[in-house]
Amino acid sequence: TSTSTSTLYATTKTTNIMNNWSGYRHLPTLGRFQIRSFAYGEREEIKPQRSYSAEDFGKVVEELKSKLSISTSHAVREQHSHDESYHPSCLPDAVAFPKTTSQVRDVVEVCLRHRIPVIPFGTGTGLEGGVTAPKGGISVDLMQMDEMIEVHDNMTCTVSSSITRKHLNQQLHQHGLYFPIDPGADASLCGMCATSATGTTTVKYGALKDNVIDLEVVGDFPEEDFVIHTNKPHENYGGSLNAGKFNLTQLFIGSEGRLGLITKATLKLYPLPSIRESLLFAFHTMTAVASAAEGVLANAVPVVRMEALDATIIKCINSYKGTTFDDNKHYLFCEFIGESDTEVEEQMDQVRQIFSKVDGEMIGSTVPIEGHEELQMKAEELWDARHNAWYAMLHMRKGSFGYATDVCVPISRFGEMIEFASSKIADLGLFAPIVGHIGDGNFHCLLSVDLADEKEVNTVKALSSALASKAIELGGTCTGEHGVGLGKRKFLELELGASNVNFQRKLLGELDGMGLMNPTKVFADTLK
């Protein structure tokens, strides 16, 4: 059933909300609607560099007003001028609120005809400045699109751009199914496609790119009436969809709005597990944590989640939640699923044996273990520490702005990468706890930043740059799951090589010849 939705906004400097909530990824929700865009410190605002006249833009707004809802109010434009990163805000000149793909098409067609930039906007939980409007233009808020969740017989579903991860899984529960990709934030699924999201369950299910079958995209495709599908209809899904043809679905995943606006996505689904259990282990060093995780992967133990927390974030959690974890040790949180107790307990026993070889100490288990009954914990209690890591870090410096680095390396180089990160943090004199989706080699340094302190901001940027460069040196990537946006553009050539980046630019030129689709993101280009 399709129903209209609306978005609930909160101003960026609402003191009473800030006093009660911290964080930018795990944002509080009211039912179906997400409160977003909290600010810590004063966010810099820059003026857009437009290539069109006020008169031309006025014509665009008047034409679009007859087709859909569009706002030019400062408050609405400001709300759509930034994501949850430290990057400066830059206001679009208007915000469009389409409800259908046809209305998205109208916005794109009119804007392209008048050479006005188009910027997609979802839940606003991005972390690399991907929704700012440095060239002006129209922000297209896709969260008021008519809700659509179609569950198909072949373990797939098709969703519209207004559907978030949590909302989808709430609806799938009655079918005994779920979509497992979990980036942390309750992001829109089409937005997750645009940034090629990963998350805590990547170790078992792969990244989002491994779980998308088809996308509906609106872009500069006039010969196709501005709308294309990247794959065949879902009814014919058979598993070998990309044999003998270009993989257009993968082309658009991670394109961050540069190639078009994703309005629908067809996704793979999985059966809800019958059994779900967890283990918590402590280690003396992060190198031992890395060795333990590598052992799990080498022995092909099918863990669902394997999350690493260093001693510094444990100190934060103890202060924030009143827990009593040993804050001189580092931790691994592991989750297992299966269809029987025996299946899951066998997985857990394998992991216990692997961890014991690197002096791992079992701290908690959701399954009672003979001789260790005192370690039994409820799953919610065990995972509460991990879920509150971000809030705990911000709690140590109330009123600061949160920032997270994002790199990913091969698991065999994870220990070396962590040692480098820890050394660099100490050299720069920063407070930067480490958490990571260690199963796929991705980790984040969590930082609280005073945006009014230019020296501190530059120091944080220096850490982020150093980590990105080192990750690339070790055969990894500068962006594990947050995308490129504005923040990681300078690392693309270092990571991919000049010929690769030049080819991507040529491809972009063919699909967006006027440079109007989310300009300046991924590549530091200019309007033609």
Side-chain angles (χ1 to χ4, degrees), residues 1-3 101 145-184 186-217 228-254 262-277 300-306 335-341 343-344 347 437 439-440 481:
T1 302
S2 294
T3 58
T101 298
M145 293 279 281
D146 289 340
E147 284 192 8
M148 186 197 77
I149 300 176
E150 294 179 354
V151 178
H152 313 306
D153 292 336
N154 52 10
M155 299 282 288
T156 67
C157 72
T158 300
V159 300
S160 59
S161 58
S162 61
I163 303 300
T164 65
R165 174 183 61 85
K166 289 183 180 178
H167 184 54
L168 172 62
N169 280 326
Q170 288 168 359
Q171 300 303 311
L172 290 176
H173 193 272
Q174 62 185 310
H175 300 280
L177 302 170
Y178 81 125
F179 183 70
I181 308 305
D182 179 4
D186 189 22
S188 67
L189 291 153
C190 288
M192 288 166 60
C193 291
T195 57
S196 193
T198 61
T200 60
T201 60
T202 301
V203 62
K204 180 174 178 65
Y205 295 103
L208 183 123
K209 65 183 177 65
D210 303 307
N211 291 277
V212 181
I213 297 162
D214 174 46
L215 298 172
E216 179 184 82
V217 185
I228 66 167
H229 277 264
T230 61
N231 217 330
K232 61 173 64 177
H234 63 81
E235 294 89 354
N236 299 321
Y237 170 59
S240 300
L241 294 178
N242 294 303
K245 59 185 177 66
F246 295 125
N247 192 332
L248 294 184
T249 302
Q250 295 301 315
L251 174 64
F252 283 92
I253 291 176
I262 299 172
T263 49
K264 291 178 185 174
T266 300
L267 311 168
K268 294 180 185 179
L269 302 177
Y270 297 82
L272 277 171
S274 300
I275 308 294
R276 188 184 294 270
E277 302 291 355
V301 184
V303 291
V304 177
R305 303 176 200 264
M306 189 159 53
E335 185 176 68
F336 311 83
I337 62 172
E339 294 308 306
S340 69
D341 291 333
E343 178 187 359
V344 172
Q347 296 173 23
H437 317 311
D440 64 326
E481 59 179 336

side-chain contact (heavy atoms from CB on, under 4.5 Å) involving [X] - partner list, sequence neighbours excluded:
| X | result |
| --- | --- |
| T200 | D182, R305, E307, H437 |
| N169 | R165, L172, Y178, F179 |
| I228 | V217, F221, E224, F252 |
| L251 | L248, L259, L507, L511 |

Listed partners of Y270 passing ring pair (Phe, Tyr, Trp, His ring centres under 6.0 Å), at least two apart: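 Listed in chain order: Y205.
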
Run the numbers on M155 and L177 for side chain to side chain contact (heavy atoms under 4.5 Å, CB included), then give the verdict. CA-CA 8 Å; M155 299 282 288; L177 302 170; 3.5 Å; yes

Side chain to side chain donor-acceptor pair (under 3.5 Å) against S196, all qualifying residues, sequence neighbours excluded: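 Checked S196 against side chain to side chain donor-acceptor pair (under 3.5 Å); zero matches.
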
If we count only N and O atoms by modelled type, under 3.5 Å, do the side chains of E147 and S162 hold a donor and an acceptor together?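 On atom types as modelled, these side chains do not qualify, holding no pair under 3.5 Å.
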
More than 12 non-hydrogen atoms from neighbouring residues, nucleotides or ligands closer than 6.0 Å to NE2 on H175, yes or no?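 More than 12 within 6.0 Å, yes.
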
Checking T263 against S161 for the side chain to side chain donor-acceptor pair (under 3.5 Å) test, could you report, in this order, the C-alpha distance in whole Å, the side-chain angles of both residues, the deciding distance, and whether it holds? CA-CA 5 Å; T263 49; S161 58; over 6 Å; no

Minimum heavy-atom separation for V344 and I337, please, with both atom names. CG2-C, 3.6 Å

Write down the atom of E339, the atom of P273, and the distance for their closest heavy-atom approach. OE2-CA, 3.8 Å

With side chain to side chain contact (heavy atoms under 4.5 Å, CB included) as the criterion, how do L168 and L267 come out once you've worked through the C-alpha distance, each side chain's angles and the decisive distance to 0.1 Å? CA-CA 11 Å; L168 172 62; L267 311 168; 4.2 Å; yes

